[in-house]
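Start at 1 with the first residue, then count along the sequence.
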Amino acid sequence: MTESISITANIFKDMSFTEGEIALIDSKFEKTLVKRGETILEANENVMYQYYVFSGCLRTFFIDRNGKEHTIQFGIQDWWVSDYMAFFAQEKSLLNIECIQEAVLYKISKQSIDEIYDAIPKVDRFFRIKMEKSFASFQKRILSNLSQTAKERYLSFVEQYPNIEQKIKNYHIASFLGVTTESLSRIRKELAE
């Protein structure tokens, strides 16, 4: 099995393709290696790609006018990351994406996705379902931020991102939860007792 077939199988689990379809999909994705600390997107840039995370961990975040960072998402294995508002509207980005653990990504442009959709309609359906689930997940996150305690948000974080805590910095987790690092330490201490 070649690496390109392997990545197609990773991205499109439980889907079967002809050799021609695999060749088309493979030709549209570009493998990218990203080192820890590298940025793949900064605010106010054109958003050219969305990224499939094959391995590693990325952080999508927003910097408010006071310079405070707000972590929106962690991109872990088998997740997708981009500034989707800008990607689909073809506007300048509001978000930043940095690598917090060395990563292997597969990037694809909007034009390439559209070409795959036209040639292989079942891929269009695959991405539509992914986007529906992603939209629902973001709504759930907004509701939890509005209605849950910091402790409940932390427990949801641990459930959503198992095994990630040891790999990322505490202030990234605190930023994701909307709490200070001191509050995060208190929450962990309470749960450990």
Side-chain angles (χ1 to χ4, degrees), residues 2-15 17 20-64 69-139 141 160-161 164 167-168 172 175-176:
T2 68
E3 182 177 312
S4 58
I5 292 173
S6 174
I7 193 57
T8 299
N10 269 282
I11 293 174
F12 302 102
K13 294 171 181 57
D14 302 323
M15 293 180 71
F17 297 99
E21 290 170 336
I22 290 170
L24 174 66
I25 293 168
D26 291 347
S27 73
K28 301 300 180 183
F29 280 92
E30 182 182 336
K31 183 178 181 179
T32 306
L33 306 175
V34 187
K35 293 182 180 169
R36 183 175 179 220
E38 283 186 49
T39 301
I40 62 169
L41 181 67
E42 291 186 11
N44 208 33
E45 288 183 344
N46 291 322
V47 181
M48 305 303 294
Y49 303 100
Q50 61 176 300
Y51 300 85
Y52 173 78
V53 182
F54 184 75
S55 65
C57 183
L58 294 98
R59 177 176 80 109
T60 303
F61 63 99
F62 172 74
I63 302 174
D64 68 22
E69 293 182 4
H70 303 272
T71 300
I72 308 299
Q73 173 190 19
F74 293 102
I76 56 176
Q77 184 177 8
D78 199 35
W79 285 44
W80 292 83
V81 296
S82 189
D83 180 333
Y84 290 105
M85 296 176 295
F87 181 76
F88 291 117
Q90 298 188 338
E91 298 173 347
K92 298 283 186 183
S93 62
L94 295 174
L95 304 176
N96 302 275
I97 303 175
E98 73 171 335
C99 182
I100 56 177
Q101 183 184 35
E102 189 169 301
V104 176
L105 309 176
Y106 285 83
K107 66 183 182 179
I108 189 165
S109 69
K110 175 124 177 44
Q111 179 181 340
S112 291
I113 290 172
D114 290 340
E115 289 170 5
I116 293 172
Y117 289 169
D118 289 342
I120 312 168
K122 64 185 170 187
V123 173
D124 187 331
R125 183 176 187 278
F126 169 87
F127 275 106
R128 180 182 52 80
I129 291 168
K130 278 268 191 213
M131 293 308 276
E132 288 170 355
K133 288 179 181 178
S134 179
F135 183 75
S137 176
F138 274 120
Q139 277 193 329
R141 173 130 188 264
Q160 184 177 15
Y161 295 101
I164 195 175
K167 301 173 186 173
I168 62 176
H172 291 153
S175 169
F176 180 83

Side-chain donor/acceptor pairs under 3.5 Å, residues 96-105, sequence neighbours excluded:
{"unit_1": "N96", "atom_1": "OD1", "unit_2": "A43", "atom_2": "N", "d": "2.9"}
{"unit_1": "N96", "atom_1": "ND2", "unit_2": "F61", "atom_2": "O", "d": "3.4"}
{"unit_1": "E98", "atom_1": "OE2", "unit_2": "R59", "atom_2": "NE", "d": "2.8"}
{"unit_1": "E98", "atom_1": "OE2", "unit_2": "R59", "atom_2": "NH2", "d": "2.8"}

Would you mind listing every ring pair (Phe, Tyr, Trp, His ring centres under 6.0 Å) that reaches into residues 83-102, with sequence neighbours excluded?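 Applying ring pair (Phe, Tyr, Trp, His ring centres under 6.0 Å) to every pair that reaches into residues 83-102, excluding sequence neighbours, yields Y84-F88.
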When you measure from the centre of the six-membered ring of F54, is the NZ or CZ of K31 closer than 6.0 Å and no more than 45° off the axis?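 The answer is no, since K31 fails at least one limit relative to F54.
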Taking side chain as C-beta onward, heavy atoms only, is [X] less than 4.5 Å from [Y]?
{"X": "Q160", "Y": "F176", "value": "yes"}
{"X": "N10", "Y": "D78", "value": "no"}
{"X": "V53", "Y": "Y106", "value": "no"}

Mind checking whether Y161 and F74 have parallel, tilted or perpendicular rings, split at 30° and 60°? perpendicular
Evaluate whether atom [atom1] of [X] has more than 12 neighbouring non-hydrogen atoms of other residues, nucleotides or ligands under 6.0 angstrom away.
{"X": "R128", "atom1": "CZ", "result": "yes"}
{"X": "K35", "atom1": "NZ", "result": "no"}
{"X": "Q111", "atom1": "CD", "result": "no"}

Looking at K28 and E115, is any side-chain nitrogen of the basic one under 4.0 Å from a carboxylate oxygen of the acidic one?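 Yes, charged N to carboxylate O under 4.0 Å.
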Between S137 and S134, do the side chains contain a donor N or O and an acceptor N or O under 3.5 Å apart?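 There is no such pair (donor and acceptor under 3.5 Å, judged by atom type) between the side chains of S134 and S137.
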If the condition is salt bridge (charged side-chain N to carboxylate O under 4.0 Å, His left out), which residues does D124 pass it with, not counting sequence neighbours? none
Show the nearest heavy-atom pair for residues I120 and F17, with the distance to one decimal. CG2-CE2, 4.1 Å
Might you point out which heavy atoms bring V47 and S93 nearest each other, and give the distance in Å?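 Minimum heavy-atom separation between V47 and S93: CG2-CB, 3.5 Å.
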For N44, give me all partners under side-chain hydrogen bond (donor to acceptor under 3.5 Å, both in side chains), at least two apart in sequence or on another chain.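 Expected list: none.
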Which residues share a ring pair (Phe, Tyr, Trp, His ring centres under 6.0 Å) with Y52, sequence neighbours left out: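 Listed in chain order: W80.
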Among all residues two or more places apart in sequence or in another chain, which pass the ring pair (Phe, Tyr, Trp, His ring centres under 6.0 Å) test with Y51?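 Per chain and number, Y51 pairs via ring pair (Phe, Tyr, Trp, His ring centres under 6.0 Å) with no residue.
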